[in-house]
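Starting from 1, each residue takes its place in the sequence as its number.
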Amino acid sequence: MSNQELILRTNLSSQISFNKVSPRYYKPLNAVDRSALTCFEKIPTEIFETTDDGVYQIADEIEALVRQRREKFQNCVIGLGAGLTLRPLFNELIRRHNENGLSFKNVVIVNLYEYYPLNEQYPRSAFENINELFISHVDIAADNVVTFDATIEPSALMEYCNNYEQIIKNLGGLDITLLSIGREGNIAMNEPGSTISSVTRLILINSTSRDESAKNIGVKKLPPCALTVGISTILSSKKICLMAWSEEKASIVKETVEGHITDALPASFLQTHNNTKVYIELGTSAKLTRIRHPWLVTSCDWNDKLVRSAIVWLCQKLNKPILKLTNKDYNENGLAELLALYGSAYQVNIKVFNDLQHTITGWPGGKPDADDTYRPERAKPFPKSVIVFSPHPDDDVISMGGTLRRLVQQGHDVHVAYETSGNIAVGDEEVTRFMHFINGFNQIFDNSRNETIRSKYQEIKKFLIDKKVGEMDTKDILTIKGLIRRGEARTASTYNRIPLDHVHFLDLPFYETGKIEKSPLGEADVMIVRELLQTVKPHQIFVAGDLADPHGTHRVCTDAVFAALDLEKQCGADWLKDCRVWMYRGAWAEWEIENIEMCVPLSPEELKEKRNSILKHQSQMESAPFLGNDERLFWQRSEDRNRGTAKFFDQLGLACYEAMEAFVEYKLL
């Protein structure tokens, strides 16, 4: 097949389905089925197979309302914010405007929140983001846009907020409010602690919301406060649409839809509104009872993964290992169907126990000259060529440092490919420290007194002293930050006995913007990955499976690998026929036990060696800019996660290890 005929698919990660969910669980056949399936849900919730399906339905509802109001010569008042979640909807509405002639002349937009204060230090506004993504692309009149003035004096804020409330009332209230949900259950900028009676006001934004919002609009930092409409203002809307399109929101969506009403989770107040609907895709629905534990609400379409999930759930609920579960345990906890299918608890227990036992291996590259019938990796070929793709220059050791070291020790030809420079995740003080060293080194050892180094040192030092919040680094500083991370990655690789000619720095172009907001994944990125694959022709590939990574880079990097593999598959590459792809997870989460297909145990000594390799990345310790709201350092998160996996296996009655690294196989689509 010629290159002209190849199809570049850069979103293959969105098509991954770890657990095949029966459509019966999210597409009820009738009202009776819906009533049973949703008995735990306190807000009507629509689950779609893809984000596009959900966006299309919401756009249909908005279009119908806009046209209905126009026929009556009335405005349609829409409240919305600047979240990433709304972007697919904005794109669909713009498409309908351009291609189908949908007019927004009778639409009034009400901005739900704005960062405060906006000034030279914090110039980027939420409204600016909304305008760039939506308003400027359609025919909404400037007079039909209501937004906050975030430069107003603090002394006038109370009166200003009261007036904002009155403007909304004078418009006849909000006809439809389009909401996304934050990681802590915040809606608009109503943080945990907001009351059901709250109105438009100034609110202090916590660090989690600030980080999330900064990512949404592509800046490093935001002001400490925001002006936001209140919970009571939102609840006065005639219709509310709450959207969530990512796996990382699955837990907070479950709490919102199925949990108790509490001011600790502001979105839960939507349970009190009689015309609210939640729109999510399958990944986001993963924690809802009808998806996660369908045996509690309906008869099930049982498969191996669902059986494993049910038994592990039962073990956790009863605090029992697998082999001690009884018929009574099954009958009393909604799993009588399994007894009918398998004949007895013993038969189910043995099946699940053996399935889990067969995932455990000390030979992640396959054990040579061994029966591999029940092993996760094949024995031959041996040794294998292996590529470990690492989105940032430390994800390899954080996520699979023990397995990486084991592969090398067992004689495999291991390559590590660092997909991005990770330069924006280096603190300015690290640059200062390295520039001090370079300047001092030249003063001591360079008799010519290199003036270029000295002047560059002074230039960078001055920039960092004068640097404003959110200001982009210069090209020189980004280069130095990238060199710092390269040096650390080389040191860690050498510690793990990986030859430096097997360490590849891909520097994928999508990442090199110097900003938090990255460019879309493109052909140039994919071709860089593909060239490495064609050179090495690996028998094993390891990629990041953190599809809910809060910073998004992991998913894009994984899509680059999947796209390159897909192109090779379209070309009929022979090497691909003898290649397996394994996905690891990093510092953010672990695989659900029903999905784990290979688990590599680590001894106390091996876990210590893994820690040492992580510690080679000194710039990512206490001063790293993107540690998130988890106070633990990356090596601590990694150890806790690996020990937690081992403890879980132990509690289920399997062998007890110090720690375990888990993997899921990716099958090429």
Measure the spacing between [atom1] of [X] and [atom2] of [Y] and express it to the nearest 0.5 Å.
{"X": "Ser421", "Y": "Leu483", "atom1": "OG", "atom2": "CG", "result": "9.5 Å"}
{"X": "Leu521", "Y": "Arg555", "atom1": "CG", "atom2": "CZ", "result": "12.0 Å"}
{"X": "Leu404", "Y": "Ser493", "atom1": "CG", "atom2": "OG", "result": "7.5 Å"}
{"X": "Arg405", "Y": "Arg497", "atom1": "CZ", "atom2": "CZ", "result": "6.0 Å"}
{"X": "Ile593", "Y": "Leu356", "atom1": "CD1", "atom2": "CG", "result": "5.0 Å"}
{"X": "Ser13", "Y": "Asp546", "atom1": "OG", "atom2": "CG", "result": "11.5 Å"}

Between Ser603 and Glu658, is a side-chain contact (heavy atoms from CB on, under 4.5 Å) present by the stated rule, with each step listed? CA-CA 6 Å; Ser603 69; Glu658 176 70 12; 5.7 Å; no
Any [X] side-chain heavy atom under 4.5 Å of [Y] side chain:
{"X": "Thr491", "Y": "Arg486", "result": "no"}
{"X": "Ile541", "Y": "Cys579", "result": "yes"}
{"X": "Thr361", "Y": "Met598", "result": "yes"}
{"X": "Glu639", "Y": "Leu607", "result": "yes"}
{"X": "Val529", "Y": "Phe389", "result": "yes"}
{"X": "Trp245", "Y": "Val55", "result": "yes"}
{"X": "Trp575", "Y": "Pro538", "result": "yes"}
{"X": "Cys599", "Y": "Met660", "result": "yes"}

Applying salt bridge (charged side-chain N to carboxylate O under 4.0 Å, His left out), name anything that partners [X], two or more places apart in sequence or on another chain.
{"X": "Asp413", "result": "none"}
{"X": "Asp640", "result": "Arg632"}
{"X": "Asp372", "result": "none"}
{"X": "Arg406", "result": "Glu606"}

Identify, with sequence neighbours excluded, every residue that meets ring pair (Phe, Tyr, Trp, His ring centres under 6.0 Å) alongside [X].
{"X": "Phe463", "answer": "none"}
{"X": "Phe649", "answer": "none"}
{"X": "Phe663", "answer": "Phe542"}
{"X": "Phe648", "answer": "none"}

Return the orientation label for the Tyr666 and Phe562 ring planes: parallel under 30°, perpendicular over 60°, tilted otherwise. parallel
Describe, in one word, how the ring planes of Tyr511 and His392 are oriented to each other, choosing from parallel (under 30°), tilted (30 to 60°) and perpendicular (over 60°).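 Because their plane-to-plane angle is over 60°, the rings of Tyr511 and His392 count as perpendicular.
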Exceeds 12 heavy-atom contacts within 6.0 angstrom, atom [atom1] of [X]:
{"X": "Glu531", "atom1": "CD", "result": "no"}
{"X": "Glu523", "atom1": "CD", "result": "no"}
{"X": "Asp369", "atom1": "CG", "result": "no"}

[Y] backbone acceptor or donor facing [X] side chain under 3.5 Å:
{"X": "Lys537", "Y": "Gln534", "value": "yes"}
{"X": "Ser285", "Y": "Leu282", "value": "yes"}
{"X": "Thr645", "Y": "Arg641", "value": "yes"}
{"X": "Asp53", "Y": "Phe48", "value": "no"}
{"X": "Gln618", "Y": "Glu430", "value": "no"}
{"X": "Asn303", "Y": "Lys305", "value": "yes"}
{"X": "Ser638", "Y": "Ile398", "value": "yes"}
{"X": "Glu281", "Y": "Gly283", "value": "yes"}
{"X": "Glu661", "Y": "Thr403", "value": "yes"}
{"X": "Lys384", "Y": "Gln540", "value": "no"}

With sequence neighbours left out, write down each residue that passes side chain to side chain contact (heavy atoms under 4.5 Å, CB included) with [X], or none if nothing qualifies.
{"X": "Leu84", "answer": "Arg87, Lys215, Asn216"}
{"X": "Lys569", "answer": "Leu576, Leu668"}
{"X": "Pro393", "answer": "Tyr418, Arg485, Ala489"}
{"X": "Asp578", "answer": "Arg378, Pro381, His539"}

Going by side-chain contact (heavy atoms from CB on, under 4.5 Å), Gln570 matches just one of Leu8, Leu565, Leu6. Which one?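 Only one option passes, and that is Leu6.
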Sort out for me which residue in Asp525, Val556, Thr553 forms a side-chain contact (heavy atoms from CB on, under 4.5 Å) with Thr420.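 Testing each of Asp525, Val556, Thr553 against Thr420, the sole residue satisfying side-chain contact (heavy atoms from CB on, under 4.5 Å) is Thr553.
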So which heavy atom on [X] is nearest to which on [Y], and how close?
{"X": "Ala417", "Y": "Leu532", "value": "CB-CD2, 3.6 Å"}
{"X": "Thr10", "Y": "Ala563", "value": "CA-CB, 4.4 Å"}
{"X": "Val414", "Y": "His502", "value": "O-CD2, 3.2 Å"}
{"X": "Ala564", "Y": "Leu533", "value": "CB-CD1, 3.8 Å"}
{"X": "Thr359", "Y": "Asp355", "value": "CG2-O, 3.3 Å"}
{"X": "Pro364", "Y": "Glu377", "value": "O-CG, 3.3 Å"}

What do you reckon, are the aromatic ring centroids of Phe382 and His412 less than 6.0 Å apart? yes
If the threshold is 4.0 Å, N to carboxylate O, is there a salt bridge linking Glu665 and Lys667?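 Answer for the salt bridge query: yes.
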Is Glu247 salt-bridged to Arg585, going by a charged N under 4.0 Å from an acidic O?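 Result for this pair is yes, salt bridge flagged.
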Would you please test Asp476 and Lys481 for salt bridge (Lys or Arg N to Asp or Glu O under 4.0 Å) and show each step? CA-CA 9 Å; Asp476 287 337; Lys481 288 182 176 182; over 6 Å; no
